[in-house]
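Throughout, a chain's letter reflects where its sequence line sits, starting with A, and its residues are numbered from 1.
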2 protein chains.
Amino acid sequence: MPEAVNLEAKLSLFHEPWSPKIVTTYNDNDIMVVKFEGEFPMHKHPDTDDFFLVLDGHVTIETEEGDVELRPGELYVVPKGVMHRPIAHGEAKVLLIEPKGLPNSGDPATAATKVRI
Amino acid sequence: MPEAVNLEAKLSLFHEPWSPKIVTTYNDNDIMVVKFEGEFPMHKHPDTDDFFLVLDGHVTIETEEGDVELRPGELYVVPKGVMHRPIAHGEAKVLLIEPKGLPNSGDPATAATKVRI
C-alpha cells in the first residue's frame with residue numbers, strides 16, 4: 001500500500017545536525033529531511049542544483065551571488081556550480097532535494113552518509 | 001541577487017484550481033505551486049514520478065495501488081506509470097514537482113499551460 005511521508009514524524013526520529021535522511025525518491029533524486037544547526041562549510045556542486053525548503057527555523061544561505069534568508073514555507077534552489085553555505089540561526093528543519101548519491105559537502109571525503117528512514 | 005521563494009505569497013497571486021504555476025526550477029524539473037479543488041481526472045505519466053507536498057488542506061491521491069491521504073506537511077511521490085487522481089476535500093495548496101514541459105494531465109491535449117509567476 002502506498003503511504004504518505006509525514007515530514008515532522010520523520011524529523012522526530014533523529015537529532016544530529018547536517019545528516020540528511022532520505023524519506024523517499026523522485027526519479028533520480030533523493031528527497032531528504034535534515035536538521036541544520038550553526039554553519040556548514042562553503043562548497044559547491046558542479047553538476048547539479050541544490051534544493052532547500054525550510055520547514056521550521058531560520059536559515060541563511062550565503063552564496064557567491066548574495067545571501068538568501070529562508071523562513072518556514074520559503075525555498076531556494078542554489079544553481080549548479082555556485083559556491084554556497086547554509087547557516088542556521090538556532091535549529092532549523094529543512095526539506096532537501098539532491099541527485100541520488102551526491103555528497104552533501106560537495107566532496108565524498110567529508111560528506112555525510114545518507115540513510116533512508 | 002538571489003531571492004527566496006515564499007510559497008504562500010506565490011499562492012496568493014492566483015485562484016484557479018488545477019493550474020500549476022512555476023516558481024523556480026531544479027535541474028530539469030519545474031517547482032510549482034497549485035491549488036486543488038474537487039477531483040482531477042485519472043491519469044499517469046509513463047516516464048516520470050510525480051511529487052506532491054501538501055501545504056494546506058486535505059488531499060486524497062487515489063492510485064491503482066491504493067489511496068494516500070495527505071495533510072499539511074505530508075508528501076507522496078506517485079511512481080512513474082502508476083494511474084492516479086488527486087482529490088481535494090475543499091481547497092488544498094500543493095507543492096508539485098514534475099519534469100519541465102510535462103503535461104499535468106498526462107496528455108498534452110488536456111493539460112494546463114504552466115506559466116512562471
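Hydrophobic cluster membership differs between B/Val33 and B/Val94, with clusters built from Ile, Leu, Val, Met, Phe, Trp and Tyr side chains linked at under 4.5 angstrom. Each of A/Met42 and A/Trp18 belongs to its own hydrophobic cluster when Ile, Leu, Val, Met, Phe, Trp and Tyr are linked at side-chain heavy-atom distances under 4.5 angstrom. Each of B/Met83 and B/Val78 belongs to its own hydrophobic cluster when Ile, Leu, Val, Met, Phe, Trp and Tyr are linked at side-chain heavy-atom distances under 4.5 angstrom. Note on B/Val23 and B/Leu11: same hydrophobic cluster, where clusters join Ile, Leu, Val, Met, Phe, Trp and Tyr whose side-chain heavy atoms are under 4.5 Å apart, directly or indirectly. No chain of hydrophobic side-chain contacts below 4.5 Å, direct or via other Ile, Leu, Val, Met, Phe, Trp or Tyr residues, connects A/Val34 to A/Phe14.
For NZ of B/Lys35, the number of neighbouring non-hydrogen atoms (other residues, nucleotides, ligands) closer than 6.0 Å is greater than 12.
Of the inter-residue distances, the one linking A/Tyr26 atom OH with B/Tyr76 atom OH reads 14.5 Å to the nearest 0.5 angstrom. Taken to the nearest 0.5 Å, the CD atom of A/Glu74 stands 10.0 Å off from the CD atom of B/Glu3.
Of the listed residues A/Val68, A/Val82, A/Asp67, A/Leu75, the one with more heavy-atom pairs under 4.5 angstrom with chain B than any other is A/Leu75. With respect to chain B, the highest number of heavy-atom pairs below 4.5 Å among A/Leu55, A/Thr25, A/Thr63 belongs to A/Thr25.
For B/Glu65 against A/Pro2, the heavy-atom pair with the smallest separation is O-CD, 3.0 Å. Counting all heavy atoms, side chain and backbone alike, A/Gly66 lies closest to B/Met1 at CA-SD, 4.0 Å. Annotation for B/Ile31 and A/Phe51: closest pair CD1-CE1, 3.8 Å, computed over non-hydrogen atoms.
Heavy atoms closer than 4.5 Å to chain A are found in the side chain of B/Asn29, but not in its backbone. Both the backbone and the side chain of B/Thr48 come within contact range of chain A, with heavy atoms under 4.5 Å apart.
The backbone N or O of A/Asp49 lies less than 3.5 Å from a partner atom in the side chain of B/Asn27, making a donor-acceptor pair.
Heavy-atom neighbours of chain A within the stretch residues 95-108 of chain B, taken at a separation under 4.5 angstrom, comprise B/Leu95, B/Ile97, B/Glu98, B/Pro99.
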Output, in order, the C-alpha distance, side-chain angles, deciding distance and verdict of side chain to side chain contact (heavy atoms under 4.5 Å, CB included) for B/Leu53 and A/Leu53. CA-CA 11 Å; B/Leu53 167 62; A/Leu53 167 61; 3.7 Å; yes

